[in-house]
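Chain letters run A, B, ... following the sequence lines, proteins first, then strands; residues in each count from 1.
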Number of protein chains: 2
Amino acid sequence: MKALTGTTSDGRTVRRGAAVTRPGREATARVGRDATIYQVAARAGVSIATVSRVLRGTAPVADATRSRVLSAVDELRFTPSRSARSLAEGQHAANGIVFPDLSGPYFAEVVLGYEEVAAELGRSVLVLSTHGRQAARQMVMDLASRVDGLVILGRTVGDDVLADLAGRGLPLVLMARDPVASADTVSSENTASARALTAHLVHDHGYRSFAYLGNTTTSRDTSQRWAAFRSVLREAKVPVPRAPTPCSFDEEDGRVAADRLLRRKRPRALVCANDEIALGAVMAAEELGLAVPDDVAVTGWDDVMAARHSRPGLTTVRQPMRELGAWAARRLHERLAGDASEPRHEVLPTQLVQRASCGHHQKEHQ
Amino acid sequence: MKALTGTTSDGRTVRRGAAVTRPGREATARVGRDATIYQVAARAGVSIATVSRVLRGTAPVADATRSRVLSAVDELRFTPSRSARSLAEGQHAANGIVFPDLSGPYFAEVVLGYEEVAAELGRSVLVLSTHGRQAARQMVMDLASRVDGLVILGRTVGDDVLADLAGRGLPLVLMARDPVASADTVSSENTASARALTAHLVHDHGYRSFAYLGNTTTSRDTSQRWAAFRSVLREAKVPVPRAPTPCSFDEEDGRVAADRLLRRKRPRALVCANDEIALGAVMAAEELGLAVPDDVAVTGWDDVMAARHSRPGLTTVRQPMRELGAWAARRLHERLAGDASEPRHEVLPTQLVQRASCGHHQKEHQ
DNA sequence: GTCGTTCCTGTAAGCGCTTTCACTCCGCTT
DNA sequence: AAGCGGAGTGAAAGCGCTTACAGGAACGAC
């Protein structure tokens, strides 16, 4: 290492010095300039290559050298710069998840399941909620440049964006969305369970007039449920509502929509696109002096916590929210590990949960 | 631009070529190599500096040049590399949020409020849930190297980690945690509302025997509530429980803890550290054939959705969960914008929500 | 005409890592 | 005694941007 060391650290010292005095850098709140690998190398009397090797364990390093490097790292509280590493490696060791809105237990649970597995696999996770903003495309593209792979929920962004992303070779996992390009997809089962739910209402309870609450254009999940709902009614020769009663996916909107609906007609059963709408609907019914389920039956979807505690207990369909996120995280990881097999389209099972809001049963569950 | 252009693009072309053929790069799933600023520059017949200027708008560029660059960008579907930009700028344009666990409506709402504001301010957000993992320190440090600022909830990590982070000049906002170093903090009001809640139970309802359910060591919030609860009892000369009944913050644990407790003693009122525990406790009471609130009163904290829908309605204290996240995001942004003023310690107001689970009132809130 | 000025643009030096290549020792074989 | 292979290390080229600095050109003003 003779004179070389000196040269190295000197050369670098000059650079650093120049950088520090360099004007024009906006004054961020950052104060204590982090140590760089050059400083560590200088202190340990080795080259930066060796420091890197010690830290990453990519090549044998003599014990004596290693420990010198390690103490230098320690003394300087050195933490390698993530962006420099990413730039050099061409990887981020991070992946993202995009959803239309984080509100509501559904998205929260999905993100939880995702984060847990991703963290386990050593990947950082970036979240982006588009909130239906106009700038969604831009935001997603920006996110894309920070990650190695992306999970996208529902119809957050258009097919063109997906195609663009896929075209860049960015591994994608789509959730609750129709397959696009070469991306993997995960969703939970909708058709069979929506059929089972509707059949239960028609055949076990004998209801003959229905309404469906919820938007069916913003999500593949709900449009599938709506379609299954209709087909069961049609097959049973029960009047089929022309269209769903539009309503966004929160409680207040469910309450308002149900209130308006119940003042006009009086369907015997309200099938709602998710639990929050359903809970809002129950509230609206009670405000109008209608008893649930005796005057009007109500069902939800998801089986969120409040569904279990509400009065009456809400009949709903449980979907494996965390598992959806977890599956996506695992699949993305496989892709990033080099799996180039055909896209997979996973459908996770759901479960009909009968409680009191849809009517009284023989063996009451609640 | 004469021969210069040629030189530039050539020189770069050689580099790129070398990079592409360069062996050893692990085969990630990435396929379609993204375009770089060099290719855009070559195509538009300008230097990379000009491309950068067009894209960032940092200096005047002739209209003709600008449009040539823009078309090149378009044709090549160029998206600047985020890591290169971060490295050059010394900034990430991202910030992170760390919490012990994402489960439960509380954390979900905080994160939502945070994400919404951060995104609005043009910052990407990284989330990290430590899940009480051993590697928490490592994970947080890793996260720290990817962001310009960090929000940390509760006692996720030790003071030493915080000091280290702060020492590096990383702006920090602490939530629901005792002030440390020079970090800003936000929390919601605990003492006054816990006093009001307890006083209501003692004075308005006249209860004389109490239990407190929930861990008080893992969070400043709950330990403050516990302290306030005790002091009101002491002042009212009501027997004070020696210690809280330990119980983690989920429903199932609440149910189990309450079940065990109610089989031994029979406190007249159960004050719970959050709504989930309370809901679990209500369930346990009912399973034991006890009526809520007639045999045993129960109160929660947070006012999550299920609290409103449960039977009986849960008396609780509403805390501005989203606003906590939003405040943190805004404060962090101010810090990053250069605000170097004294650390702020914000306390957001809460609100006592009286429903039926604590006993019957004159004017029933339901 | 000459001399600022104002506009545009290019050159090149970083930013802080990773990794290839080359080279020096050493201990062992033949 | 010459050769070989492996272990350990350093030099330097990249990774893809941003930006200070240095002109060149066009335009008025005197």
Establish, with yes or no, whether the OP1 or OP2 oxygen of [N] is under 4.0 angstrom from a side-chain nitrogen or oxygen of [X].
| X | N | answer |
| --- | --- | --- |
| T65(A) | dT9(D) | yes |
| S47(A) | dA11(D) | no |
| S52(A) | dC17(C) | no |
| R56(B) | dT19(D) | yes |
| R53(B) | dC8(C) | no |

Looking just at side-chain N and O atoms, do [X] and [Y] make a donor-acceptor pair shorter than 3.5 Å?
| X | Y | answer |
| --- | --- | --- |
| R82(A) | S86(A) | yes |
| R168(B) | T79(A) | yes |
| S124(A) | R146(B) | yes |

Send over the distance from [X] [atom1] to [N] [atom2], rounded to a whole Å.
| X | N | atom1 | atom2 | answer |
| --- | --- | --- | --- | --- |
| L87(A) | dG14(C) | CG | P | 17 Å |
| L55(B) | dG16(D) | CG | P | 16 Å |
| Q91(B) | dG16(C) | CD | P | 14 Å |
| Q39(B) | dC15(D) | CD | P | 11 Å |
| I37(A) | dT18(C) | CD1 | C1' | 8 Å |
| I48(A) | dT9(D) | CD1 | C1' | 13 Å |
| D34(A) | dG16(C) | CG | P | 9 Å |
| H92(A) | dG16(C) | NE2 | P | 19 Å |

* Structure fact -> Between S83(B) and T50(A), the residue closer to the 5' end of DNA chain D by nearest nucleotide is T50(A)
* Quick one: does Y38(B) reach the base of dC17(D) with a side-chain donor-acceptor pair under 3.5 Å? -> yes
Where the side chain of [X] is concerned, which of [options] is the nearest nucleotide?
| X | options | value |
| --- | --- | --- |
| P60(A) | dT18(C), dG8(D), dT18(D) | dG8(D) |
| A49(A) | dA12(D), dT9(C), dG16(C) | dA12(D) |
| S81(B) | dG10(C), dT9(C), dG16(D) | dG16(D) |
| A62(B) | dA11(D), dC17(C), dC8(C) | dC8(C) |

* Structure fact -> Partner of D148(B) under side chain to side chain donor-acceptor pair (under 3.5 Å), picked from Q91(B), R123(B), H92(B), is R123(B)
* On DNA chain C, nearest-nucleotide positions of A84(B) versus R66(B): which is more 5'? -> R66(B)
* Asked: With the threshold set at 4.0 Å, does a side-chain nitrogen-carboxylate oxygen contact exist between R331(A) and D184(A)?
  -> yes
